[in-house]
Amino acid sequence: MPSQAEVVVIGGGVMGTSIAFHLAEAGVRDVVVVEKDELGSGSTCKAAGGVRAQFSDELNIRLGARSLEAFQRFPQRPGQEIDLHQVGYLFLLSSREHVTAFERNVDLQNSLGVRSRMLTIEEAQRISPLIETDGLLAATFSPDDGHCTPESVVLGYATAARRSGARFCTRTTVRSIVGTGSDTFRVLTDRGEISTGTVVCAAGAWSRSIGEMVGVDLPVSPLRRQIMFTEPMPELHDRVVPFTIDFGSTFYFHREGRGLLIGMSDPEETPGFKLDMSDAWLPRLTEAIGRRAPKLLDVGVRDGWAGLYEETPDRNALIGSAGRFFYATGFSGHGFLQGPAVGEVVRDLVLDREPFVDVSSLDASRFAADRARPELNCV
């Protein structure tokens, strides 16, 4: 445990390791990442791995597109194979309201260089033959979206950050943060104390308590999400399966090995640090599968897990600072896919540079000022 650091990053998931990598690469040689468990062991390792730029908010489109570019170059920089499959994201739409909103979103995405487009339901079924089209009105698709392996992304960032001098303190819990009144913080952990001039909170679902330590309100609530994996499906063979989302129900699936990863949000889930698997959502999941992909009802399920979304009131991220306390959290399910771009942004904020995109509207103070910034394309 070092006693001093130029920057202390709290949280060792994709966001914390990306921030550490970008800072260390930029020449900040004294970066320390503090993680209460192992790197990537929180929400990152439980993520579905989707990467996309199909959003309704211009900021999220830009962050998603920038991150997609970084994922494509990941084997070269920072230097790690992440099993990227750009099979596209297919959103299935069954309400006129959603069709109108997605038409508007596609226009905005196209204006920003994203190759998304509206599809007929016949086109959607050709792209994703497992779906049943009853009740569908339209769909959207972007061929550059897809999925990759979250653990590999964390490993790549952490390995490259270490090469540039960053240090990682795992199995280390932050107990308190004390401002000394002289532009420095004392970060007190269960393994010792670190003196630093800059703290970055990238603690995901656990961020609210970190903010409270320095008097900053980070309105982040943990919300359980569950995914499951099917048994191998020989009929898939080498078939390309897009990341398919039935937007009305939020049921989704994508190829995972020889089977599928499947998931769905549960509208009856309540906030809390619940990481156990629950059967309460299964009737709703089964109903959604039966309506949208009934062939999957005959496929066995092998296992699954529960993870935590870090939700904010408008389901959009918190990126900003209060003095030399910076934060990047509250991504409401799209933190993994925005990790590369947000690492760049936080690096520039810490170094007092102008980021490639203005994120001032994502400051946590927006809620007190009644400036919520809702994101529609969340699952």
Quick one: do [X] and [Y] end up in the same hydrophobic cluster if we chain Ile, Leu, Val, Met, Phe, Trp and Tyr together by side-chain heavy atoms under 4.5 Å apart?
| X | Y | value |
| --- | --- | --- |
| Ile289 | Met233 | yes |
| Leu349 | Phe356 | yes |
| Leu136 | Val241 | yes |
| Val9 | Phe325 | no |
| Val178 | Val199 | no |

What pair of heavy atoms forms the shortest contact from [X] to [Y], and how long is it?
| X | Y | value |
| --- | --- | --- |
| Leu236 | Leu260 | CD1-CD2, 4.0 Å |
| Met213 | Val174 | CE-O, 3.7 Å |
| Ala205 | Pro222 | CB-CB, 3.9 Å |
| Gly50 | Phe243 | CA-CE1, 3.7 Å |
| Ala101 | Leu376 | CB-CD2, 3.7 Å |
| Gly339 | Val14 | CA-CG2, 4.4 Å |

Rounded to the nearest 0.5 Å, what separation is found between the [atom1] atom of [X] and the [atom2] atom of [Y]?
| X | Y | atom1 | atom2 | answer |
| --- | --- | --- | --- | --- |
| Glu58 | Leu112 | CD | CG | 5.0 Å |
| Ile127 | Glu123 | CD1 | CD | 7.0 Å |
| Asp303 | Ile227 | CG | CD1 | 9.0 Å |
| Gln125 | Leu92 | CD | CG | 10.0 Å |
| Leu223 | Glu269 | CG | CD | 5.5 Å |
| Leu84 | Ser152 | CG | OG | 11.0 Å |

Measure from the side-chain N and O atoms of [X] to the backbone N and O of [Y], and report whether any donor-acceptor pair falls under 3.5 Å.
| X | Y | answer |
| --- | --- | --- |
| Thr172 | Thr170 | yes |
| Asp145 | Ala53 | yes |
| Gln226 | Ser278 | yes |
| Arg126 | Ser128 | no |
| Asp83 | Thr149 | no |
| Thr230 | Gly300 | no |
| Glu310 | Gly330 | yes |
| Arg163 | Ala158 | no |
| Arg371 | Asp363 | no |
| Ser67 | Leu337 | yes |

**Q.** Candidate pair Phe185 and Val8, rule side chain to side chain contact (heavy atoms under 4.5 Å, CB included), full reasoning
**A.** CA-CA 10 Å; Phe185 298 94; Val8 171; over 6 Å; no
Would you say that [X] contacts [Y] through its side chain, given a criterion of any heavy-atom pair below 4.5 Å between the two side chains?
| X | Y | value |
| --- | --- | --- |
| Phe336 | Val51 | yes |
| Pro2 | Cys169 | yes |
| Leu351 | Val28 | yes |
| Asp144 | Tyr89 | no |
| Trp206 | Lys36 | yes |
| Arg366 | Leu318 | yes |
| Pro129 | Arg239 | yes |
| Asn110 | Ser116 | yes |

In terms of side-chain geometry, is the basic nitrogen of [X] or [Y] positioned less than 4.0 Å from the acidic oxygen of its partner?
| X | Y | answer |
| --- | --- | --- |
| Arg224 | Asp276 | yes |
| Glu212 | Arg208 | no |
| Arg225 | Asp266 | no |

Q: Answer with yes or no whether the side chains of Ser142 and Gln54 bring together a donor and an acceptor at under 3.5 Å.
A: no
Q. Under 3.5 Å, is there a donor-acceptor pair between the Glu375 and Ser56 side chains?
A.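 A pair is found: one side chain offers a donor N or O, the other an acceptor, under 3.5 Å apart.
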Do the rings of [X] and [Y] sit parallel, tilted or perpendicular, given the 30° and 60° boundaries?
| X | Y | answer |
| --- | --- | --- |
| Phe331 | His334 | perpendicular |
| His147 | His85 | tilted |
| Phe102 | Phe91 | tilted |

Q: Identify, with sequence neighbours excluded, every residue that meets side chain to side chain contact (heavy atoms under 4.5 Å, CB included) alongside Glu231.
A: Arg302
Q: For Glu97, look at atom CD and say whether over 12 heavy atoms of other residues, nucleotides or ligands are found less than 6.0 Å away.
A: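 Atom CD in Glu97 is not crowded, with 12 or fewer foreign heavy atoms closer than 6.0 Å.
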Q.
Which residue is it: Asp134, Asp246, Thr133? I am looking for the one with a side chain to side chain donor-acceptor pair (under 3.5 Å) to Arg292.
A. Asp246
**Q.** Stepwise side chain to side chain contact (heavy atoms under 4.5 Å, CB included) check, Trp281 with Met264
**A.** CA-CA 9 Å; Trp281 73 315; Met264 189 179 78; 4.3 Å; yes
Q | Test salt bridge (charged side-chain N to carboxylate O under 4.0 Å, His left out) applied to Glu235 and Lys295, step by step | A | CA-CA 11 Å; Glu235 64 272 26; Lys295 294 176 183 176; over 6 Å; no
Q: Take Phe55 and Gln338 through the side chain to side chain contact (heavy atoms under 4.5 Å, CB included) test and state the conclusion after the steps.
A: CA-CA 12 Å; Phe55 288 97; Gln338 293 185 351; 4.2 Å; yes
Using residues 341-348 as the side-chain source, report each donor-acceptor pair under 3.5 Å to any protein atom, sequence neighbours left out, with the distance given to one decimal.
{"unit_1": "Glu344", "atom_1": "OE1", "unit_2": "Arg66", "atom_2": "NE", "d": "3.4"}
{"unit_1": "Glu344", "atom_1": "OE1", "unit_2": "Arg66", "atom_2": "NH2", "d": "2.9"}
{"unit_1": "Glu344", "atom_1": "OE2", "unit_2": "Arg66", "atom_2": "NE", "d": "3.1"}

Q: Test side chain to side chain contact (heavy atoms under 4.5 Å, CB included) on Ile10 and Ile177 and set out the steps.
A: CA-CA 11 Å; Ile10 301 173; Ile177 304 172; 3.8 Å; yes
